[in-house]
Amino acid sequence: MSRILIVEDEVSIADLEKDYLELAGFEVEIETDGEKGLARALEGDIDLLILDLMLPSLSGFEICRQVREKKDIPIILISAKKDDIDKIRGLGLGADDYMTKPFSPSEMVARVKAHLARYERLVSSSAPVGDIIEIRGLKIDKTARRVWVNGTEKPFTTKEFDLLTFLAQNPDHVFTKDELFREIWDMESIGDIATVTVHIKKIREKIEENTSKPQYIETIWGVGYRFRR
Ligand code: CA
């Protein structure tokens, strides 16, 4: 059973979220303080984090950043202000999703399920391949989430890494932009398939010697992308 940590100082909201998640079969814990929430999130047994942004003692932004540095679990940010969405995107915190208060608790439960299922898929699809993928000069360490090109490490955002890893794990398979968007972003509230194009471009700039003649991620015109083995 998956264990979910809610870090939220508004007790009535935290209790409501907890009730809905427990009805859906999850184990749920609540922390109302930022520092305590961070400490609990970093312990080994939390499978997903629901994180309010405005908290006593430590902000949700900072908690998200620190958890993402150390752990690969889904993080859903909760904000009271629509304006925060731009900030969340701009900071590149590595959150998986965000919701603005007030939100429907059943919508939240649906997103929690989707994110847990997606992480499960990423983990299980990686099992037979091992933790390191090496294709020509490209090396991907899935456990450490690091990428090297001809021996030089390149910085990757969470989504760029997920997308590259997914493609590299499924070589010679043509994926449409829709399929890739659903696989990597699925329930995220903002974005569309143009996001896939943007991320492919950024990945190519990091891994390809000549982005107009890609050696790794080929464009299949009118269809999508294929990773060359
Ligand atoms: Ca708050």
Side-chain angles (χ1 to χ4, degrees), residues 1-7 17-30 37 40-51 63-78 88 93-99 103-133 140-147 156-173 175-191 193 195-196 199 203 224-225 227:
M1 188 184 296
S2 297
R3 185 180 293 269
I4 294 166
L5 176 64
I6 298 169
V7 186
E17 292 172 359
K18 184 171 190 273
D19 286 348
Y20 271 80
L21 289 165
E22 283 180 345
L23 275 173
F26 297 108
E27 285 181 24
V28 183
E29 289 180 31
I30 296 172
R40 184 68 189 94
L42 290 176
E43 285 168 32
D45 57 342
I46 300 296
D47 299 306
L48 182 142
L49 179 59
I50 296 176
L51 183 58
I63 297 171
C64 182
R65 196 184 61 73
Q66 291 199 34
V67 171
R68 184 50 82 224
E69 268 176 19
K70 298 182 181 101
K71 287 189 74 172
D72 200 13
I73 55 170
I75 302 174
I76 301 176
L77 293 180
I78 306 292
I88 292 166
L93 292 166
D96 294 85
D97 205 348
Y98 32 85
M99 301 185 76
F103 53 81
S104 123
S106 32
E107 168 72 11
M108 182 205 59
V109 170
R111 292 194 191 195
V112 164
K113 285 180 179 170
H115 285 293
L116 286 169
R118 187 168 54 83
Y119 268 64
E120 188 69 30
R121 270 203 312 280
L122 288 175
V123 169
S124 58
S125 66
S126 73
V129 190
D131 289 323
I132 305 273
I133 303 173
I140 303 168
D141 182 332
K142 290 189 294 184
T143 309
R145 298 182 68 83
R146 298 169 72 183
V147 179
F156 272 71
T157 66
T158 303
K159 294 301 182 196
E160 288 166 7
F161 183 88
D162 289 346
L163 182 56
L164 173 65
T165 305
F166 178 75
L167 287 167
Q169 280 178 170
N170 298 283
D172 296 338
H173 184 120
F175 292 99
T176 66
K177 289 176 192 174
D178 267 319
E179 285 170 333
L180 293 172
F181 186 72
R182 279 201 303 274
E183 185 66 35
I184 307 298
W185 281 268
D186 51 13
M187 293 299 288
E188 194 158 295
S189 52
I190 287 181
I193 61 169
T195 313
V196 176
H199 279 70
I203 292 170
Y225 300 102
F227 195 93

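Keep in mind that this is a model prediction, so the values were computed, not measured.
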When rounded to the nearest 0.5 Å, the distance separating CD1 of I133 from CG of L164 is 7.5 Å
Check whether any side-chain heavy atom of R145 sits under 4.5 Å from a side-chain heavy atom of T158, and report yes or no. yes
Any I6 side-chain heavy atom under 4.5 Å of L21 side chain: yes
Taking ring pair (Phe, Tyr, Trp, His ring centres under 6.0 Å) as the test, write out the residues that go with F156, two or more places apart. none
Does any part of the side chain of K71, heavy atoms only, come nearer than 4.5 Å to the side chain of L49, both counted from C-beta? no
Atom CG of L5 and atom CG of L42: how far apart are they, to the nearest 0.5 Å? 10.0 Å
Would a 4.5 Å heavy-atom cut-off, applied to side chains only, mark L48 and I73 as touching? no
Would you mind reporting whether K113 and F26 have side-chain heavy atoms less than 4.5 Å apart? yes
Are the side chains of F175 and R182 in contact, using a 4.5 Å heavy-atom criterion? no
Considering residues at least two apart in sequence or located in another chain, which fulfil the side-chain contact (heavy atoms from CB on, under 4.5 Å) criterion with R3? E27, E29, R40, D45, I46, D47
CE of M108 to CD1 of I76, rounded to nearest 0.5 Å, is 7.5 Å
Do L163 and W185 come close enough that some side-chain heavy atom pair is under 4.5 Å? yes
Side-chain touch K159/D96, heavy atoms, less than 4.5 angstrom: yes
Calculate, to the nearest 0.5 Å, the distance between atoms CD1 and CD1 belonging to I63 and I75 respectively. 10.0 Å
Rounded to the nearest 0.5 Å, how far does CG of D162 lie from CD of E183? 9.5 Å
side-chain contact (heavy atoms from CB on, under 4.5 Å) partners for R65, two or more places apart: E62, E69, L93
Considering all heavy atoms, the nearest F166-I184 contact: CB-CD1, 3.9 Å
For N170, the side-chain hydrogen bond (donor to acceptor under 3.5 Å, both in side chains) test, sequence neighbours excluded, returns none
Looking at CD of E17 and CZ of F103, how far apart are the two atoms once the value is rounded to the nearest 0.5 Å? 4.0 Å
List the residues meeting side-chain contact (heavy atoms from CB on, under 4.5 Å) with D172, not counting sequence neighbours, and say none if there are none. R229
For K177, what residues pass the side-chain contact (heavy atoms from CB on, under 4.5 Å) criterion, not counting sequence neighbours? I193, V196, T197, Y225
